[in-house]
Amino acid sequence: MTIAIVFTDQALQNMRRSLLNWYQREGRSLPWRNEPDIYRVWISEIMLQQTQVKTVIPYYERWLKKFPTVQALAKADQQSVLKLWEGLGYYARARNLHHAAKQVVSEFNGEFPEDLENILKLKGIGRTTAGGILSSARNLPLSILDGNVKRVLARIMALEKPPAKALRELWEVSDQILDPENPRDFNQAFMDLGATLCTQKNPSCGVCPWQGQCKAFQLRTPTDFPRKAPKKKVPTKKLVAAIAFNGQNEVFIQQRPVTGLLGGLWEFPNTEGNIASLTENLFPQAIYKHSLETVFHAYTHFKIELKPHIYFVSHHQGDRWVKMTNLHQYPFSKAHLKIIKQLSNHQQLSLPLEKNHP
Ligand code: SF4
């Protein structure tokens, strides 16, 4: 096995010292930093996956008010867990947190595991999250490799491959560089360096504590790294949604299957096919009223264009008809929240009936 880059002991000492000095001066003050409660650190680590700190903070605070302990989370029903996560995206994270909380209660006697082997048994915790949690809450010497750390390392090494193709080398360097005397502050500093100085577009190399060791800086091409994998074309799905109101001014919603994309969230009936067959199936007597603006949303592997059409259904059928004022009790995906926002401007449904089906 080849190691991508080897630092001398002296270089490692310099890097650790300069990074920790910088962190003392410039490190961010974050609610979960220096937090001894491993449950809280776990929540922050999961929320921070794929999501920026400023977005996470209000979610983190609301979460801890509602679920202050792992026991409280284990006891919660999935709907309230998803509701609290609504808008944060990547909903599998919330479902996994809930599942893992139940594991802690049933398999670990309610005590969050504090060793690598057992923490990795919890759903949703991989190697970097485990390292993040145990170094932060318990100061254990475990390295990390989140998105920020990958970017910094790719630049320091002037890595010629996209990070996803070089994970083994990146882990080796992250292990090598970690300060075994002070892993908590070192990992936190490493993430801060990536988030605040070694940013994607305009890295602040002029004030970076690792400038002297950074190959990308020496090449004067920091933003050429990390190398990008060839771009795959992201497909767009064109969807139509039926927003059906009944005579009680209630709207029809349905729940997605509990597993899979947006699992367990609620939505308006929708399809990639045609709106007439969707409504004929669900609401055979529906009367078309009017349409709303198309909603656009991007997921990781595809985009959607979702056109909502409003219908009136005279018969009260099905069991999930909800007053507009009660919709906020259900967790919806972002795209359907955008429909709800438009609906709030059309609540009275006083527009004249259209003659033609869309
Ligand atoms: S010198 Fe620039 S490119 Fe290199 S680690 Fe520092 S900020 Fe990133």
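Atoms within each ligand, like the ligands themselves, are counted from 1 in listed order.
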Q: Under 4.0 Å from a heavy atom of Cys198: give me the atoms of ligand 1 that qualify, with their elements.
A: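 Once the distances to Cys198 are compared, the set is 3 (S), 5 (S), 7 (S), 8 (Fe).
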Q: Heavy-atom distance under 4.5 Å between the side chains of Asn246 and Ser314, does that happen here?
A: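 Asn246 does not reach Ser314 side chain to side chain.
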Q: Measuring only between side-chain heavy atoms, which start at C-beta, is Leu170 closer than 4.5 Å to Pro163?
A: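 When only atoms from C-beta onward are counted, Pro163 and Leu170 do touch, with a gap below 4.5 Å.
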Q: Taking atom types as modelled, find out whether Tyr23 and Arg28 have a side-chain donor-acceptor pair closer than 3.5 angstrom.
A: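 Judged by distance alone, the side chains do not pair up.
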Q: Would you kindly specify which portion of Cys205 sits under 4.0 Å from ligand 1, judged on non-hydrogen atoms: side chain, backbone, both or neither?
A: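 Near ligand 1, Cys205 shows its backbone as well as its side chain.
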Q: Check ligand 1 against Pro222 and write out every atom of the ligand that is under 4.0 Å from a heavy-atom position of the residue.
A: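 Once the distances to Pro222 are compared, the set is 3 (S).
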Q: May I ask you to check whether Cys214 brings an N, O or S atom to under 2.8 Å from atom 8 (Fe) of ligand 1?
A: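 Checking atom 8 (Fe) of ligand 1 against Cys214, no N, O or S atom falls under 2.8 Å.
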Q: Side chains of Arg17 and Asn14: do they bring a donor and an acceptor to under 3.5 Å?
A: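 The criterion, which ignores hydrogens and geometry beyond distance, is satisfied for Asn14 and Arg17.
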Q: Near Gln211, which atoms of ligand 1 are under 4.0 Å from a heavy atom of that residue?
A: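 Those qualifying, in numeric order: 1 (S).
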Q: So Trp210 and Phe186, would you call those rings parallel, tilted or perpendicular, with 30° and 60° as cut-offs?
A: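 Taking Phe186 first and then Trp210, their aromatic rings sit tilted (interplane angle of 30° to 60°).
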Q: Hey, which of Lys237, Glu267, His336 is the one that makes side-chain contact (heavy atoms from CB on, under 4.5 Å) with Leu306?
A: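 The single option meeting the side-chain contact (heavy atoms from CB on, under 4.5 Å) with Leu306 is His336.
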Q: Return the closest protein heavy atom for atom 6 (Fe) of ligand 1 as residue, atom name and distance.
A: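 Minimum-distance protein heavy atom for atom 6 (Fe) of ligand 1 reads Cys208 SG, 2.3 Å.
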Q: Could you see which bit of Ala216 sits under 4.0 Å from ligand 1, with heavy atoms only: side chain, backbone, both or neither?
A: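 Ala216 to ligand 1: no contact under 4.0 Å from either part.
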